[in-house]
There are 2 protein chains.
Amino acid sequence: MAEKEKISQTISRELLNMIEVGKFPPGSKLPTEMELAAHFGVSRIPIREALSVLRAAGVISSRQGGGSYVEERAATFLLHQIRIENDDKEVIKHLFEMRKILEPEAAYLAALRRTPEQLEQMEQALKWLEREFTDEEKMGTEADIEFHRSIILATQNPIMIHMIESLSALYERALKITLEPNLVLKQRRKAALKEHQDILLAIKMEEPELAKIQSVIHLKNAEKKLSLLF
Amino acid sequence: MAEKEKISQTISRELLNMIEVGKFPPGSKLPTEMELAAHFGVSRIPIREALSVLRAAGVISSRQGGGSYVEERAATFLLHQIRIENDDKEVIKHLFEMRKILEPEAAYLAALRRTPEQLEQMEQALKWLEREFTDEEKMGTEADIEFHRSIILATQNPIMIHMIESLSALYERALKITLEPNLVLKQRRKAALKEHQDILLAIKMEEPELAKIQSVIHLKNAEKKLSLLF
DNA sequence: TAATTTTATTTGTAATACAAAATTAATTTT
DNA sequence: AAAATTAATTTTGTATTACAAATAAAATTA
């Protein structure tokens, strides 16, 4: 199950790395597709696929007849390409830092704007989480993510939604890693569930400030739990 | 200067729209590349380019021999593809909402962690902004962005950095639109400059809370200015 | 019925060719 | 000689055809 990688993926990763390392500094011209193809020993096809990924990520831009150039403000990395390893505590810390910034505000906005349908969606997610928590085996990470996701959706801010969505894959993996070895969790399950219920209640009552506070509390407790790991 | 669009771009936009509209719901299988090619009346090449963009954005996933499927949690849109039109006030509002959430926290973190080099970078950007402001003609949008960007970089959080970078193109355009017709700005220039200096000073003194407050003040004033437009 | 093999489908890559845009070199004009 | 125009070259964008490799569907066999 070695998940064989596509050639174009390998190449886009390689090229991105070269750009990050400074082999192709911002503003510089990349080699032509033919040259890259020769260099990597492949045809133009996977080269073009790789370049199109970098283009979509805003790392390079190409002009027909001109060539491909590294963008002046090349995004530092493709979020989809971040791989969290078990020992990769830095990424998890940074991710949690962003959660502490985004989620309380999202809860605030959700309390302001949520539609009845969105409230229903949150309640469904919470019920799912409750079911998962009664089962000793399950961790409920998916339900957890779905709950937080439903709150984000209720903010009605497409940019906020996009940011969280682009983080979700990363978030999911980070959550699994942090929850997996955590035996303390079982004792904290009821407390965690209560925290989720409190957030939802505040959103239901349309109390933005309260929702924000409940979210802060939840994240603070989650962080305590997290700090035991590191 | 009509900026002719590539076929693959047109198609990726079309496909994305179809997905958003529900023509291809999450989890469903897309038509084969051959079918798509026939449908759009092009060869497989631009189809593959379009699909690779959607793949990079996490909207779809493909398996050799299997086909392409819409991801269960397809990102709602590609940030790079958002076009802000002059009458597109909604996007600008949402963008500003995100700035209010992210930037004060970024200033906080920057005050905590900035290296001397990063402080230097911020000061350079501020000087640039001062020069631009003395010139009646120039608006200083680029310098403005560079200043805020230098603060973000000093947070040392790669996820934060990535988020802002991915927003920067959008931000730049929004800023130009909001500043362009604003004649009041000239009177507010000194005030705005002072606000920037205050933020930098707090970061220089390594006073996180103060930096956050100064950032909030700055954004509050900017929002007042903005509210005149809408 | 269940497991295995075969067949067909579909994406991934290759090679070649040409169109279209941009860059560079050459030419002409002033 | 300098500037403008034109021509030639380079380079990306798209098309066509072909085949490899992985998956999914169908047929076969136990």
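The shown structure was predicted, so the numbers you read here are calculated from the model rather than taken from an experiment. Chain A is the first sequence line, chain B the second, and so forth, proteins listed ahead of strands; every chain is numbered from 1.
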**Student:** With sequence neighbours excluded, what pairs up with A:Lys127 under the salt bridge (charged side-chain N to carboxylate O under 4.0 Å, His left out) test?
**Tutor:** none
**Student:** Could you list the residues that satisfy side-chain contact (heavy atoms from CB on, under 4.5 Å) with B:Thr115, not counting sequence neighbours?
**Tutor:** B:Glu117, B:Gln118, B:Gln156
**Student:** Round to the nearest Å and state the distance from A:Tyr69 atom OH to C:dA21 atom P.
**Tutor:** 17 Å
**Student:** Can you name the residues that form a side-chain hydrogen bond (donor to acceptor under 3.5 Å, both in side chains) with A:Arg113, not counting sequence neighbours?
**Tutor:** B:Glu97
**Student:** Let me test you: for the helix from C:dT1-D:dA30 to C:dT30-D:dA1, what is the angle between the axes at its two ends (five pairs each), rounded to 10 degrees?
**Tutor:** 0°
**Student:** With the criterion being N/O to N/O and under 3.5 Å, what pairs connect the protein with nucleotides 4-7 of chain D, and how long is each?
**Tutor:**
none

**Student:** Can you tell me the distance, in whole Å, between the CG atom of B:Leu36 and the C1' atom of C:dT9?
**Tutor:** 15 Å
**Student:** A:Arg99: what forms a side-chain hydrogen bond (donor to acceptor under 3.5 Å, both in side chains) with it, not counting sequence neighbours?
**Tutor:** A:Glu103, A:Tyr171
**Student:** Who are the side-chain hydrogen bond (donor to acceptor under 3.5 Å, both in side chains) partners of A:Glu14, not counting sequence neighbours?
**Tutor:** none
**Student:** Give me, pair by pair, the N or O atoms of the protein and of nucleotides 9-13 of chain D that are less than 3.5 Å apart, along with how far apart they are.
**Tutor:**
| residue | atom | partner | partner atom | Å |
| --- | --- | --- | --- | --- |
| D:dT11 | O2 | A:Gly65 | N | 3.3 |
| D:dT12 | OP2 | A:Glu33 | N | 3.1 |
| D:dT12 | O4' | A:Gly65 | N | 3.3 |
| D:dG13 | OP1 | B:Lys6 | NZ | 3.2 |
| D:dG13 | OP2 | A:Arg48 | NH1 | 2.9 |
| D:dG13 | OP2 | A:Arg48 | NH2 | 3.2 |
| D:dG13 | O4' | A:Gln64 | OE1 | 3.4 |
| D:dG13 | N7 | A:Arg44 | NH2 | 3.0 |
| D:dG13 | O6 | A:Arg44 | NH1 | 3.4 |

**Student:** Who are the salt bridge (charged side-chain N to carboxylate O under 4.0 Å, His left out) partners of B:Glu120, not counting sequence neighbours?
**Tutor:** none
**Student:** Mind calculating the distance between CD1 (A:Ile45) and P (D:dC19) to the nearest angstrom?
**Tutor:** 16 Å
**Student:** Using every non-hydrogen atom in the two residues, find where A:Ile7 and A:Pro46 come nearest and quote the distance to one decimal.
**Tutor:** CG2-CB, 4.0 Å
**Student:** Could you list the residues that satisfy ring pair (Phe, Tyr, Trp, His ring centres under 6.0 Å) with B:Phe24, not counting sequence neighbours?
**Tutor:** none
**Student:** According to side-chain hydrogen bond (donor to acceptor under 3.5 Å, both in side chains), who are the partners of A:His218, at least two apart in sequence or on a separate chain?
**Tutor:** A:Glu195
**Student:** In chain order, what residues pass the side-chain contact (heavy atoms from CB on, under 4.5 Å) check against B:Ser52, with sequence neighbours excluded?
**Tutor:** A:Glu49, A:Ser52, B:Arg55
